[in-house]
Amino acid sequence: MPQRREALSFSQLRELARAGADTTLKRLRAEIIAIERTFPELALPKTRRAVRRSIKRAGQRSRQMSAAAREAVSRRMKRYWAERRKAQAKVK
């Protein structure tokens with residue numbers, strides 16, 4: 001009698017898919033390098049590579065404010081709006 005297989009969870013399936021995609025991507029990059037070495041005229045210009053690299057790096061950055069920085073901005077903006085309301089009251 002055949003054994004009953006258990007279904008994979010979503011996280012297990014996702015991890016397997018990621019590993020497969022990673023392997024495929026590495027294989028494709030190796031193939032691109034081989035083609036560019038064989039036919040250098042087909043390679044991307046260095047300026048386009050630099051642009052692509054800088055876009056990738058910019059997407060990886062994450063700028064997050066610390067709690068202290070948020071508090072400082074909050075204080076500055078409260079002061080700014082208080083001064084604006086004060087100036088508007090003088091005009092009327």
Side-chain angles (χ1 to χ4, degrees):
M1 181 168 239
Q3 290 182 350
R4 185 174 165 196
R5 293 184 185 178
E6 300 226 2
L8 293 174
S9 71
F10 178 75
S11 61
Q12 290 172 327
L13 188 59
R14 184 173 171 84
E15 183 59 31
L16 288 171
R18 193 199 62 74
D22 187 45
T23 302
T24 303
L25 187 59
K26 285 178 183 174
R27 198 176 315 131
L28 287 171
R29 285 183 177 150
E31 190 173 339
I32 288 170
I33 290 168
I35 290 171
E36 287 179 343
R37 284 183 183 152
T38 307
F39 305 103
E41 66 275 7
L42 296 178
L44 283 177
K46 290 186 182 197
T47 55
R48 290 238 348 244
R49 283 188 201 153
V51 168
R52 184 182 286 177
R53 207 174 300 125
S54 66
I55 289 171
K56 184 178 179 183
R57 282 189 203 133
Q60 292 173 346
R61 287 186 209 140
S62 66
R63 294 182 180 141
Q64 295 180 346
M65 276 197 222
S66 66
R70 277 194 301 276
E71 182 63 31
V73 169
S74 175
R75 276 187 261 121
R76 280 196 307 273
M77 292 309 294
K78 284 179 183 175
R79 193 172 345 144
Y80 168 80
W81 285 109
E83 289 173 7
R84 293 255 326 216
R85 283 191 298 272
K86 193 179 192 181
Q88 282 288 43
K90 286 183 182 178
V91 172
K92 290 183 180 181

List the atom pairs, with distances to 0.1 Å, where a side-chain N or O of residues 70-89 and a protein N or O form a donor-acceptor pair under 3.5 Å, not counting sequence neighbours.
{"from": "Arg70", "atom 1": "NH1", "to": "Met65", "atom 2": "O", "distance (Å)": "2.8"}
{"from": "Tyr80", "atom 1": "OH", "to": "Arg84", "atom 2": "NH1", "distance (Å)": "3.0"}

If you measure from [atom1] on [X] to [atom2] on [Y], what distance do you get to the nearest 0.5 Å?
| X | Y | atom1 | atom2 | answer |
| --- | --- | --- | --- | --- |
| Arg14 | Leu16 | CZ | CG | 12.0 Å |
| Leu13 | Arg18 | CG | CZ | 13.0 Å |
| Thr38 | Ile33 | OG1 | CD1 | 11.5 Å |

